[in-house]
S.K.: 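Attaching a single structure in structure tokens format; questions to follow.
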2 protein chains.
Amino acid sequence: MNDRNEVTGQAGASKRKDARRNQETLLETAAAVFVTSGVNAPVRDIAAKAGVGLGTIYRHFPTRADLIIAVYRHQVDACAEAGPTLLATSPSPHAALGQWINLFVDFLVTKHGLAAVLRSDNSDFEALHAYFLDRLVPVCAELLEAATVAGEIRPDIDAYELMRGVGNLCIGADSDPRYDARHMVDLLIAGLRRPHH
Amino acid sequence: MNDRNEVTGQAGASKRKDARRNQETLLETAAAVFVTSGVNAPVRDIAAKAGVGLGTIYRHFPTRADLIIAVYRHQVDACAEAGPTLLATSPSPHAALGQWINLFVDFLVTKHGLAAVLRSDNSDFEALHAYFLDRLVPVCAELLEAATVAGEIRPDIDAYELMRGVGNLCIGADSDPRYDARHMVDLLIAGLRRPHH
DNA sequence: AACGATACGGAACACAGTTCCGCTTTGCAA
DNA sequence: TTGCAAAGCGGAACTGTGTTCCGTATCGTT
């Protein structure tokens, strides 16, 4: 019903047929290139592989960040939606939180360079930041709240900060065999626990 | 007695007078520019502010990373040397570890963009990585070992991984008022504690 | 003073993102 | 079917940044 076509992507039903097809091709090609060459693959490479000109790619996705958002939108949404589900099906809020964070970490770690670009201070990626955070922070906050109410974790944890921290820990997790982001994230989550006794 | 002049910097006593003076000027200027414009300031800016040509800067510091190393070398060394001291003067190894990590975090957080560049997957910065890690990982390992022996922390913590994790958590700590790296690092360090029962 | 080694400056190159605009294709309407 | 304005396309060109190269200037030694 909604066929918007803003920066955040998504093919609508309102544009010319060839334009729609190009957008789809671009999305698929970009996804493929991101897998093999990482999220920082040159725009030219993607354009070339997709068989379109640079102008085309920039018309559909005004900036690299928009392309990245479009490519990963579904997965981010899926992660966000998994939050409430996990909360409902897990034995405890803390367990749900842990599993959800694992989901997020798995996502980030498998996308070469995504975590790094998420943290890039380059203002071009502001839209990327915003999308991830808008979508995931509320979910994280919900899980955190539940765990806090259940008395399982310290009460002073900020969802935004935690997402940032977890995202940061995932930077460079690929491309460095000696660094296991999951391990560090586990430690961080362990640190969330209320000092008990 | 040692007047080496490798990539890692340091004015020796063997070069021409003007060369030595330029190197010193460059170091001072770079330090100043890094403070105001961050570690990613364009090389040209530094050259201009120092009143030298690009060739000069590149002769003295073959790559940006070398310049950064040279500028922060003293501080990194100081941090490394503080490790044993803290271990000797702190009430417990775990306390020493915490203080030492704080030192490191304070250092990183006050250098705009340093943490990010430390983690940049750009191979140009390999030398930077290497220097930081070579210098700090052994110290961290020593503190970790002491804390482990004292039974204060989990036994399976790798110094390299921990340094990486802490460094990562510091990325973007400046330029984002909502994110407090120190807070996240504290959580991580708390997560190190041996789960007691 | 002369001269070779050393160092200097900055033009030029490589490479990335992004903009711009003349040309092509599409789809509607006559 | 044909004509044509709007929509879309391609890629040359521009910007900004790291880095290289080399003709020229400076140093310090003889």
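In the text below, chain A, chain B and the rest are named by the order of the sequence lines, each starting its count at 1. When reading the values below, keep in mind they use all heavy atoms of this one structure, side chains included, and skip hydrogens, waters and symmetry mates.
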S.K.: Measure centre to centre between the rings of A/Tyr72 and A/Phe132, then say whether the value is under 6.0 Å.
M.R.: no
S.K.: Please give, in whole Å, the distance from D/dG8 P to A/Ile57 CD1?
M.R.: 17 Å
S.K.: Tabulate below the donor-acceptor pairs under 3.5 Å that side-chain atoms of residues 142-152 of chain B make, not counting sequence neighbours, or state none.
M.R.:
residue, atom, partner, partner atom, Å
B/Thr148, OG1, B/Leu144, O, 2.7
B/Glu152, OE1, B/His94, N, 2.6
B/Glu152, OE2, B/Ser92, OG, 3.3

S.K.: On the nucleotide C/dC8, are OP1 or OP2 found under 4.0 Å from the side-chain N or O atoms that B/Asn22 carries?
M.R.: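 Yes.
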S.K.: Taking ILVMFWY side chains as joined if any heavy atoms are under 4.5 angstrom apart, and letting links pass through other members, which residues group with A/Val35?
M.R.: none
S.K.: May I have the distance from B/Asp45 (atom CG) to D/dG18 (atom P), rounded to whole angstrom?
M.R.: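 Spelled out: CG on B/Asp45 to P on D/dG18 is 8 Å.
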S.K.: Under 4.0 Å between a side-chain N or O of A/Arg64 and OP1 or OP2 of C/dG17?
M.R.: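 Checking C/dG17 against A/Arg64, a side-chain N or O does come within under 4.0 Å of OP1 or OP2.
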S.K.: Angle between the end axes of the helix from C/dA1-D/dT30 to C/dA30-D/dT1, five pairs per end, to the nearest 10 degrees?
M.R.: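 For the helix from C/dA1-D/dT30 to C/dA30-D/dT1, the axes at opposite ends meet at about 20°.
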S.K.: Salt bridge or not for B/Arg135 and B/Glu81, using N-O below 4.0 Å?
M.R.: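 Answer for the salt bridge query: yes.
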S.K.: Want to settle it: does B/Val52 or A/Thr63 sit nearer the 5' end of DNA chain C, counting the closest nucleotide to each?
M.R.: B/Val52
S.K.: Looking at residues at least two apart in the chain, or sitting in another chain, which of them share a salt bridge (charged side-chain N to carboxylate O under 4.0 Å, His left out) with A/Asp45?
M.R.: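 Listed in chain order: nothing, the list is empty.
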S.K.: Give a yes/no on whether any side-chain N or O of B/Thr56 is located under 4.0 angstrom from OP1 or OP2 of C/dG9.
M.R.: yes
S.K.: Considering residues at least two apart in sequence or located in another chain, which fulfil the side chain to side chain donor-acceptor pair (under 3.5 Å) criterion with B/Asp174?
M.R.: B/His112
S.K.: For each nucleotide in nucleotides 19-30 of chain C, reading 5' to 3', give B when a protein heavy atom comes within less than 4.0 Å of its base, S when such contact involves only the sugar-phosphate, and - otherwise.
M.R.: BB----BSS---
